[in-house]
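Each chain gets a letter, A, B and so on, in the order its sequence line appears, and its residues count up from 1. We use all heavy atoms of the structure for the numbers below, so side chains are in, but hydrogens, waters and symmetry mates are not. Everything quoted here is computed from the prediction, not taken from an experiment.
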Number of protein chains: 2
Amino acid sequence: MISQKAKYALRALVSLARIEQPGKALFISDIAEEQSIPKKFLEQILLDLKRHGIVVSKRGKSGGYLLLKPASEITYGEVLRIIDGPIAPLPCLSRIAYRRCDDCLDETACEIRQVFARVTEATRDVLDKTTIADSLASAEGLPDPALVD
Amino acid sequence: MISQKAKYALRALVSLARIEQPGKALFISDIAEEQSIPKKFLEQILLDLKRHGIVVSKRGKSGGYLLLKPASEITYGEVLRIIDGPIAPLPCLSRIAYRRCDDCLDETACEIRQVFARVTEATRDVLDKTTIADSLASAEGLPDPALVD
DNA sequence: CCAATACTCTACTAATTCGATAGAGTTTAC
DNA sequence: GTAAACTCTATCGAATTAGTAGAGTATTGG
């Protein structure tokens with residue numbers, strides 16, 4: 001399960017991506033209301049995204065947030081790594097947060113590592129290739145996805 | 001990230017799957033030692049797997065655990081669902097534990113749901129098709145998997 | 001020029017989950 | 001009939017999650 005925080009982050013980016021006029025910013029409070037996100041919580045999230053170069057902010061009376069790069073260049077993968085940390089299901093498979101499993105004697109012979117390496121590859125193949133712009137486009141008119149477990 | 005508990009469960013099943021003689025059981029303490037798993041913790045895990053029909057136990061002096069069905073019929077997916085719960089990254093995508101996102105107005109129009117539906121499909125495609133027997137076979141002699149994030 | 005508005009930053013907190021540990025009970029073999 | 005091994009329930013400390021609180025800083029419209 002991805003965290004609530006990551007869901008909020010992605011939805012906030014969708015809101016920002018929907019703006020037509022270039023240079024137009026959205027207030028935190030507007031995004032919060034539109035997406036039903038607690039405002040103070042969203043503040044932290046946007047700040048985090050800003051520090052990682054996903055969005056920019058303007059301060060003061062007519063401030064707000066806007067995307068730093070086009071929505072078509074912001075992948076789900078990078079947002080999730082910022083908010084939730086590594087995507088890999090085992091620490092010994094993560095690039096950004098590699099850690100040896102302390103109970104694993106020989107990593108290359110680890111039976112379950114091989115399996116989860118394939119899982120991660122498949123996951124990454126979706127998350128690192130899908131952008132905020134992609135999800136905007138496909139938002140409406142699609143068949144309901146199958147429930148999977 | 002999958003839980004430590006799930007890792008232990010899968011490794012315990014690997015130990016049980018390696019037994020050659022049919023009908024031969026392993027003590028909890030033997031599995032615990034072989035896989036460096038805290039014994040009391042492993043007790044709970046095996047009990048849980050037993051309740052879900054993955055393993056069987058014999059009590060008393062020459063007791064122990066053994067697989068209820070062949071290793072080739074135990075998938076990673078079913079073990080993970082037992083130990084860690086739903087595989088789907090959003091509650092609104094889970095069959096076994098479906099829950100509406102309370103901040104989501106229209107589920108079928110939810111932008112991020114569509115993306116994670118594809119993630120889950122890909123994940124499931126690996127986990128529900130890979131068995132304990134598969135991972136045993138591939139344990140040795142494989143190239144090191146690429147680190148993925 | 002100043003007060004209102006909006007972003008910034010740090011700290012705190014309540015609830016839950018995770019990774020165990022503890023200990024008493026039950027079954028079986030020898 | 002006792003020792004060995006599984007069974008069951010409870011508890012616990014640490015970490016994480018999902019927020020709240022509040023003081024501070026930058027802009028700007030009037």
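Contact annotation: A/Y8 side-chain N/O to D/dG19 OP1/OP2 distance is under 4.0 Å. Proximity of A/S57 to the phosphate of C/dA6: no side-chain N or O atom is located under 4.0 Å from OP1 or OP2.
Counting only heavy atoms from C-beta on, B/K40 has its side chain closest to C/dT21 among C/dG19, C/dT21, C/dC9. The side chain of A/S62 lies closest to D/dG29 when the candidates are D/dC6, D/dG19, D/dG29.
Below the 3.5 angstrom threshold, one finds a donor paired with an acceptor across the side chain of A/Q44 and the base of D/dT20. Under 3.5 Å, the side chain of A/R59 and the base of D/dT27 form no donor-acceptor pair of N or O atoms.
Within 4.0 Å of A/F27, counting heavy atoms only, lie sugar-phosphate atoms of the nucleic acid but no base atom. In this structure, A/I28 reaches the sugar-phosphate backbone alone: every heavy-atom distance under 4.0 Å involves primed, P, OP1 or OP2 atoms, never a base.
One atom, CD1 of B/I45, and another, C1' of D/dC8, lie 16 Å apart when rounded to the nearest Å. The distance between atom NZ of B/K61 and atom P of D/dC6, rounded to the nearest whole Å, is 13 Å. The nearest whole Å value for the distance from the NZ atom in B/K39 to the P atom in C/dG23 is 14 Å. For A/E43 and D/dA18, the CD to P distance is 18 Å, given to the nearest whole Å. When the C1' atom of C/dA20 is taken as reference, atom CG of B/L47 falls 16 Å away, rounded to whole Å. A straight line from CG of A/D48 to C1' of C/dT8 spans 13 Å, rounded to a whole angstrom. To the nearest angstrom, P of C/dA6 lies 13 Å from CG of A/L26. A/M1 has its CE atom 14 Å from the P atom of D/dT17, to the nearest Å.
Residues A/A6 and B/R51 both approach DNA chain D. Their nearest nucleotides, taken by heavy-atom distance, put B/R51 toward the 5′ side.
Formation of a donor-acceptor pair under 3.5 Å by the B/D48 side chain with backbone atoms of B/I45 is not found in this model.
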> Hey, mind stepping through A/S3 and A/Y8 against side chain to side chain donor-acceptor pair (under 3.5 Å) and telling me if it holds?
Replying inline: CA-CA 9 Å; A/S3 69; A/Y8 288 161; over 6 Å; no
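Of the residues B/I19, B/L16, B/V56, the one that meets the side chain to side chain contact (heavy atoms under 4.5 Å, CB included) test with B/L67 is B/L16.
Classification of B/R113 and B/E107 as a salt-bridged pair holds, one side-chain N sitting under 4.0 Å from a carboxylate O. Here B/D125 does not pair with A/R118 in a salt bridge; the nearest charged N to carboxylate O distance is not below 4.0 Å.
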